[in-house]
Participant: 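Here it is: the structure, laid out below.
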Amino acid sequence: MPELPEVEFYKKEAEKCLGEEIKFTTSYCSKIVNLKNSLKGKRITKVFRYGKYLFMQIDGNCLVMHFGMTGKLICNSKEQKHLCFKMDFKNGKSLLYISVRKLGKVFEIKSFKQFLKEKHLGKDALRIGYKEFYNSVKNKKSTAKSFLMNQHLISGIGNIYSDEILFQSKIYPLSKINHLLDEKIEVLYKNVKLVLNEVIKSKFENKPIPDNFLIPHRNKNGICPVCKNKIKYVKILSRTSYFCDNCQKIY
DNA sequence: ATTCTTGTTGAATG
DNA sequence: GCATTCAACAAGAA
């Protein structure tokens, strides 16, 4: 489920191999992996995340991973099914990029700054400041849901966590984002951070998502953890958005 | 058999 | 240009 919190988790996996010398890399899927230079003999010097992208500085090279819908990165796993890319290190460690649906990408870039420009990515959801967020909201006519999912405006939020952020903020997913009251924008901003950080915490501590979150109830038979109403759903941008029509009022 | 699914892209539309 | 929507990509689950 690679939205920002998942990629943050994969970053931790990659960091287990920081400083290790690469013995060789293997691609099992040319559709996903596009590497020109050999990484043999080089070391991972830095790992960082921006939105849903993971970056690995490998001496002079910069490797980028995007996980699509089903990609994941695991250190020292024996899992072989759907393996697309593997990095083997001299000391025996390995990093495995696994993807069932093969919609992700592994490639190299020359410059991170240039990459951001070319992709027109918005600020990372965990780093965006309130002023910037506020201005972005005021300029847009889109719905609250598509605003949160638009990577050009804010990077890192996808279908599942946008539902959660709107639920925690008590905002109806189809509300026009520029109609939100200022105090509601502030609530939304705070919940972007709160939800992402809470999910990251759950993942890192290997605990379930809190039960007062929508996510554990985010299904066709779900019951709202706050008011016990039946969870509703609606299609937005050809994705299913779950919400509580009792708690999530328009503004 | 058909429909659904966590993501992005590029084409098409208004 | 700009904002927005849709099909396509792929494969497995229900």
Side-chain angles (χ1 to χ4, degrees), chain A residues 1-11 13 27-34 49-55 64-74 79-85 97-107 109 115-122 124-125 135-167 173-179 192 195-196 198-200 202-203 208-209 213-222 231-243:
Chain A
M1 294 159 256
E3 297 182 36
L4 186 152
E6 286 77 18
V7 181
E8 192 67 27
F9 190 79
Y10 304 148
K11 176 181 162 223
E13 289 299 298
S27 163
Y28 304 91
C29 178
S30 58
K31 199 182 160 298
I32 290 182
V33 184
N34 181 9
R49 179 197 59 69
Y50 192 101
K52 300 175 189 173
Y53 289 88
L54 186 68
F55 300 83
V64 187
M65 291 182 171
H66 189 279
F67 298 93
M69 293 252 250
T70 57
K72 52 185 177 176
L73 190 68
I74 317 173
E79 196 172 335
Q80 291 292 314
K81 221 175 169 186
H82 309 299
L83 180 61
C84 302
F85 180 63
Y97 179 106
I98 292 168
S99 177
V100 174
R101 271 173 255 167
K102 299 183 163 64
L103 290 174
K105 288 271 180 288
V106 176
F107 57 101
I109 53 166
F115 173 82
L116 279 190
K117 234 186 204 174
E118 280 172 12
K119 292 275 177 186
H120 301 107
L121 288 181
D124 182 86
N135 290 336
S136 186
V137 163
K138 284 290 175 190
N139 282 331
K140 297 299 161 205
K141 295 186 183 113
S142 56
T143 63
K145 170 82 173 173
S146 33
F147 171 81
L148 289 176
M149 290 206 297
N150 188 338
Q151 304 302 301
H152 302 311
L153 305 176
I154 315 173
S155 291
I157 302 167
N159 195 23
I160 290 183
Y161 301 126
S162 61
D163 277 359
E164 187 66 58
I165 290 162
L166 293 172
F167 177 76
L174 287 168
S175 304
K176 299 286 183 211
I177 193 81
N178 58 344
H179 290 177
V192 166
V195 166
L196 295 176
E198 192 65 36
V199 174
I200 289 170
S202 295
K203 287 192 176 296
I209 304 276
F213 271 41
L214 170 69
I215 291 171
H217 315 277
R218 195 184 170 281
N219 58 67
K220 304 254 152 113
N221 301 313
I231 294 296
K232 303 271 171 39
Y233 58 92
V234 61
K235 283 269 179 199
I236 303 173
L237 296 180
S238 59
R239 305 249 94 108
T240 309
S241 175
Y242 291 84
F243 66 103

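A, B, ... follow the sequence lines: proteins, then strands. Residue 1 opens every chain.
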Participant: I'd like to check the side chain to side chain contact (heavy atoms under 4.5 Å, CB included) partners of A:S155; sequence neighbours left out, ordered by chain and number.
Facilitator: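 Side chain to side chain contact (heavy atoms under 4.5 Å, CB included) check on A:S155 returns A:Y50, A:L121, A:Q151.
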Participant: Classify the angle between the aromatic ring planes of A:Y53 and A:F115 as parallel (below 30°), tilted (30 to 60°) or perpendicular (above 60°).
Facilitator: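 A:Y53 vs A:F115 ring planes: perpendicular.
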Participant: So what does A:L237 hit on the nucleic acid, given a heavy-atom distance under 4.0 Å: a base, only sugar-phosphate, or nothing?
Facilitator: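 Sugar-phosphate, no base atom in range.
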Participant: Does the B:dT5 base have a donor-acceptor partner in the side chain of A:R101 within less than 3.5 Å?
Facilitator: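 When only heavy-atom distances are counted, A:R101 does reach the base of B:dT5 through a donor-acceptor pair under 3.5 Å.
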Participant: Specify the residue among A:K81 and A:S238 whose closest nucleotide of DNA chain C lies further upstream toward the 5′ end.
Facilitator: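 Taking each residue's closest nucleotide, the earlier one in sequence belongs to A:S238.
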Participant: With pairs defined as Watson-Crick or G-U wobble and both distances under 3.5 angstrom, please note down DNA chain B as a dot-bracket string, | for pairing with another strand.
Facilitator: .||||.||||||||
Participant: In chain order, what residues pass the side chain to side chain contact (heavy atoms under 4.5 Å, CB included) check against A:I74, with sequence neighbours excluded?
Facilitator: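 So A:I74 forms a side chain to side chain contact (heavy atoms under 4.5 Å, CB included) with A:E13, A:K72, A:S77, A:E79, A:I98.
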Participant: Rounded to the Å, how far apart are A:N219 CG and B:dC4 P?
Facilitator: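 After rounding, the gap between these two atoms is 16 Å.
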Participant: Name all residues meeting the side chain to side chain contact (heavy atoms under 4.5 Å, CB included) criterion together with A:N178; count only those two or more places apart in sequence or in a different chain, and write none if there are none.
Facilitator: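 In terms of side chain to side chain contact (heavy atoms under 4.5 Å, CB included), with neighbours along the sequence ignored, A:N178 is linked to A:K141, A:K176.
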Participant: May I ask you to evaluate whether A:H66 reaches the phosphate of B:dG7, defined as a side-chain N or O under 4.0 Å from OP1 or OP2?
Facilitator: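 So the side chain of A:H66 is outside the cut-off, no N or O lying under 4.0 Å from OP1 or OP2 of B:dG7.
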Participant: In whole Å, what is the span from the CG atom of A:N34 to the C1' atom of B:dT8?
Facilitator: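 To the nearest whole Å, that distance equals 16 Å.
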Participant: Got a sec, which residues hit ring pair (Phe, Tyr, Trp, His ring centres under 6.0 Å) with A:F85, two or more places apart in sequence or on another chain?
Facilitator: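 So A:F85 forms no ring pair (Phe, Tyr, Trp, His ring centres under 6.0 Å) with any residue.
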Participant: What is the nucleic acid contact for A:K235, judged by heavy atoms within less than 4.0 Å: base, sugar-phosphate only, or nothing?
Facilitator: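 Sugar-phosphate, no base atom in range.
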Participant: What pairs with A:E8 under side chain to side chain contact (heavy atoms under 4.5 Å, CB included), at least two apart in sequence or on another chain?
Facilitator: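 For A:E8, the residues satisfying side chain to side chain contact (heavy atoms under 4.5 Å, CB included) (neighbours in sequence not counted) are A:K11, A:R49, A:I200, A:F204.
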Participant: By nearest heavy atom, map A:R239 and A:K140 onto DNA chain C; which one lands nearer the 5' end?
Facilitator: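 The residue whose closest nucleotide sits nearer the 5' end is A:K140.
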Participant: Heavy atoms under 4.0 Å, any strand shown: does A:S142 hit a base, just sugar-phosphate, or nothing?
Facilitator: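 Sugar-phosphate: the residue A:S142, judged by heavy atoms under 4.0 Å, touches backbone atoms but no base.
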Participant: Under the rule for side chain to side chain donor-acceptor pair (under 3.5 Å), what residues qualify as partners of A:T143, not counting sequence neighbours?
Facilitator: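 Partners of A:T143 by the side chain to side chain donor-acceptor pair (under 3.5 Å) criterion, ordered by chain and then number, come out as A:S146.
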Participant: Take atom NE2 of A:H120 and atom C1' of B:dT9, then tell me their distance rounded to the nearest Å.
Facilitator: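 My rounded result for the distance is 14 Å.
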Participant: Can you name the side chain to side chain donor-acceptor pair (under 3.5 Å) partners of A:K119, sequence neighbours left out?
Facilitator: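 Once residues adjacent in sequence are excluded, A:K119 has no partner under the side chain to side chain donor-acceptor pair (under 3.5 Å) criterion.
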Participant: Using chain A heavy atoms and a threshold of under 4.0 Å, write down where along DNA chain C the contacts begin and end, 5' to 3'.
Facilitator: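 Here the contact window of chain A covers C:dA3 to C:dG12.
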Participant: Please work out if A:K31 contacts a base, only the sugar-phosphate, or nothing of the nucleic acid, heavy-atom cut-off 4.0 Å.
Facilitator: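 The answer is sugar-phosphate, as A:K31 gets under 4.0 Å only of primed atoms, P, OP1 or OP2.
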Participant: Which residues in residues 146-153 of chain A have at least one heavy atom lying under 4.0 Å from any atom of DNA chain C?
Facilitator: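 Nothing qualifies; none.
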Participant: Mind calculating the distance between OH (A:Y53) and P (B:dT8) to the nearest angstrom?
Facilitator: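 So the two atoms are 6 Å apart, to the nearest Å.
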Participant: In terms of side-chain heavy atoms, does A:Y161 have a donor or acceptor partner in A:E6 at a distance below 3.5 Å?
Facilitator: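 Side chains of A:Y161 and A:E6: pair found under 3.5 Å.
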Participant: Hey, do the aromatic rings of A:Y97 and A:F67 have their centres closer than 6.0 Å?
Facilitator: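 Yes; A:F67 has its ring centre under 6.0 Å from that of A:Y97.
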Participant: May I have all residue pairs that pass salt bridge (Lys or Arg N to Asp or Glu O under 4.0 Å) and include part of residues 148-161 of chain A, sequence neighbours excluded?
Facilitator: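 Applying salt bridge (Lys or Arg N to Asp or Glu O under 4.0 Å) to every pair that reaches into residues 148-161 of chain A, excluding sequence neighbours, yields nothing.
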Participant: Could you name each residue pair satisfying salt bridge (Lys or Arg N to Asp or Glu O under 4.0 Å) that touches residues 154-165 of chain A, not counting sequence neighbours?
Facilitator: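 For residues 154-165 of chain A: A:K145-A:D163, A:D163-A:R218.
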Participant: Within this structure, what is the CG-to-P distance between A:L103 and B:dT9, rounded to whole angstrom?
Facilitator: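 Spelled out: CG on A:L103 to P on B:dT9 is 12 Å.
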Participant: Take the protein atom CD of A:E6 and the nucleotide atom P of B:dG7, then report the distance between them rounded to whole Å.
Facilitator: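 Interatomic distance, CD of A:E6 to P of B:dG7: 9 Å.
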Participant: Calculate the interatomic distance between A:E118 atom CD and B:dT8 atom C1'; express it in whole Å.
Facilitator: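 To the nearest whole Å, that distance equals 16 Å.
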Participant: Does A:K119 reach a base, just sugar-phosphate, or nothing at all? Heavy atoms under 4.0 Å.
Facilitator: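 Sugar-phosphate only.
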